[in-house]
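The analysis underlying the following values was restricted to heavy atoms, covering all of them including side chains, and did not include hydrogens, waters or symmetry mates. Naming: A, B, ... by sequence-line order, numbering from 1 per chain.
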There are 2 protein chains.
Amino acid sequence: MRATIREVAREAGVSASTVSRALSTPDMVNATTRERVLRAAERLGYAPNRAARGLITGRTGNLGLIVPDLTNPFFPSVVKGVQAKAREADYAVFLADTDEDPAAEVGLVRALAKQVDGLILCSPRTREEEIRELTAHTTLVMVNRRFGTIPSVVFDNADGMRQAIAHLQALGHRRVAWVGGPRTSWSTRDRVRGLRAASSAAGMELFVAGHFPPYFEGGVAAADLIIASGVTSVIAYNDVMALGLLSRLRDRGVDVPQDISVIGIDDIQMSAMSSPALTTVSLAKDQAGRAAVDLLLTLLLQPDSVRNTRRELPTQLLVRGSTGVARTT
Amino acid sequence: MRATIREVAREAGVSASTVSRALSTPDMVNATTRERVLRAAERLGYAPNRAARGLITGRTGNLGLIVPDLTNPFFPSVVKGVQAKAREADYAVFLADTDEDPAAEVGLVRALAKQVDGLILCSPRTREEEIRELTAHTTLVMVNRRFGTIPSVVFDNADGMRQAIAHLQALGHRRVAWVGGPRTSWSTRDRVRGLRAASSAAGMELFVAGHFPPYFEGGVAAADLIIASGVTSVIAYNDVMALGLLSRLRDRGVDVPQDISVIGIDDIQMSAMSSPALTTVSLAKDQAGRAAVDLLLTLLLQPDSVRNTRRELPTQLLVRGSTGVARTT
DNA sequence: TCGAAGTCTGAAACCGATTGCAGTCTTGTG
DNA sequence: CACAAGACTGCAATCGGTTTCAGACTTCGA
């Protein structure tokens, strides 16, 4: 069906070796023959078989990307960034979704590892020992998590929390609650750490509501604890949960931002259209995706060059309608 | 690094052929040797190299999935369905996002075609001639579009529109507007066709507002036309646009559903949490993904079996807060 | 004019699997 | 006991490229 290198060779009146060279190492072949080969390849619509090439070179030209839940709007943005950057480098992307299941995550890494040159793990939930084990057989890059010497792309959560706290403080808030995400998530730990530092530096009281599923329902579930705690402001692990909070608070008759100010993290599309619009710590999601591919590709070229690299992306508080002056009890 | 078939062969004291057979056609080899081979393979952690296998068998074990915009919550759900079903059949999935660009779509199909056994085009925007050309070289299945004899999975839009119109009619509405999606989208044409039939059957007046980008902003942009048209109800091409409508209507001081009833299509997560919650025609998105894989895999086994197959999934109106009794002017 | 160095090109080995074919070893039957 | 049939297994070719190595042909300096 599709033309092979030998057919091109015959068409151009040269050997297969020459065709191969003309295409992959052009300066090793005479200009006129190269021209002839290229023309023949063009005529036959030739494109090298990647499987065959991969067999001998050991490289596949594919990347793998594993995310916990594509239904969370955070991830599609990252995926788009990865795609775009990968495409520029002529790599194709395998995508897998773990449904927030750490076991599935390990299984998928194992399954994909053989078919890709490298893997990007986005917000992985896998335990540290298992990650260590995986790195032995695979070149990995992580997004939204740091571990050992694995190259990673993370957001500057500490600074994001600082901005959020400064904003709340300026509005007169003295008590803030934290609604955490999955216990297995590195970023929930990193964020609460940053939040602890920022709130104590600002002399604000912090109420940690615990861990909740990173879904709309998780925010809904946390809302009543928040109300009962008596805080005037709350920061949620992500926007989806913050929207859940907003929804339940409204149902309970709690006005936002009159009674309670709400801040999310991620800046997903929908956060701008809720009512009130959600104040949120904006993350450059697609940039994270691009940076991860970048890291991975240089890692593939020079295995030791980016070992231990930790790219940190800035965060930016977006003030919208869900935060306001603290109520004076 | 990874074990090859020959190493397993040596370990088991047999030839490579036997190992191959023990793994892929177990009944062609003696039970005891098979056992010995499997044990050796186990010990060495052997897994066949898919590129090598693909080279000789001509099949890759990969599928490709192309979507217009992963940022639209409709598509992640389809993707999850595809993933899940593909994984069950031990296929890996290449994902590509075209950013709503038909040219990119064709390019991606061409690029992926060589590395997969089959492709799923989800809501493709490509012109018909080009699709025809693509089918010559690739086994395709389409979701959300019908064309020629290409196997496809679509939703029963006509029935969905009928349900929506019946609902509006029951609420006393006499005039309904349609806010269309991209001109290049088959489903926008199919839906408006169904809507025309349903509304004229019900004796309702239909105002077609035209084509808008399938984003939140598209709905925002359409809102003022809707208000000016004087209708009491509107159906949007998808939920994201309906949410945009909701947002702009509120800004303009038009109450939903008091002044205008709004219906979306898709039933994305967020449509349940808007205020008012969005009445919508619910689509089994993940089912569509699974069905597409199903179709593709049988198509690969028996190329002519499902030619011309058109799987049609039911639709279901979900009544929520954005529709109400028509205002009496 | 001859030899050395340099430039291109082709033959053949190889990557890691699958599979047609042939050979060996059982087993069953006359 | 001989022979045919059947059950296993191994050899070797093959998929479509890349790469090493050596040979052919130029070019240049002595």
Under 4.0 angstrom between [X] side-chain N/O and [N] OP1 or OP2:
{"X": "B:Ser20", "N": "C:dT18", "value": "yes"}
{"X": "B:Ser15", "N": "D:dG10", "value": "yes"}
{"X": "B:Tyr46", "N": "C:dA17", "value": "yes"}

Under 4.0 Å between any heavy atoms, over every strand shown, what does [X] touch: base, sugar-phosphate, or nothing? Just pick one.
{"X": "A:Ser17", "answer": "base"}
{"X": "B:Arg50", "answer": "nothing"}
{"X": "A:Val14", "answer": "sugar-phosphate"}

Please state how far atom [atom1] in [X] lies from atom [atom2] in [N], giving the value in whole angstrom units.
{"X": "A:Met28", "N": "C:dT9", "atom1": "CE", "atom2": "P", "answer": "10 Å"}
{"X": "B:Arg34", "N": "D:dT9", "atom1": "CZ", "atom2": "C1'", "answer": "14 Å"}
{"X": "B:Asn49", "N": "D:dG17", "atom1": "CG", "atom2": "C1'", "answer": "14 Å"}

N-O pairing of [X] and [Y] below 4.0 Å:
{"X": "B:Asp27", "Y": "B:Arg34", "result": "no"}
{"X": "B:Arg39", "Y": "B:Glu35", "result": "yes"}
{"X": "B:Glu130", "Y": "B:Arg110", "result": "no"}

Nucleotide nearest [X] when distance is taken to its side chain, options [options]:
{"X": "B:Asn30", "options": "C:dG16, D:dC8, D:dG17", "answer": "D:dC8"}
{"X": "B:Ile5", "options": "C:dG10, C:dA17, D:dG16", "answer": "C:dA17"}
{"X": "B:Thr4", "options": "D:dT9, C:dA17, D:dG16", "answer": "C:dA17"}
{"X": "A:Thr57", "options": "C:dT18, D:dT18, D:dC15", "answer": "D:dT18"}
{"X": "B:Arg21", "options": "D:dC11, D:dT18, C:dG16", "answer": "D:dC11"}

Check your understanding: Which comes earlier along DNA chain C counting from the 5' end, the contact point of A:Ala52 or that of A:Thr32, where each point is its nearest nucleotide?
Key -> A:Thr32
Point to revise | Parallel, tilted or perpendicular: ring planes of A:Phe94 versus B:Phe94, cut at 30 and 60 degrees | key: parallel
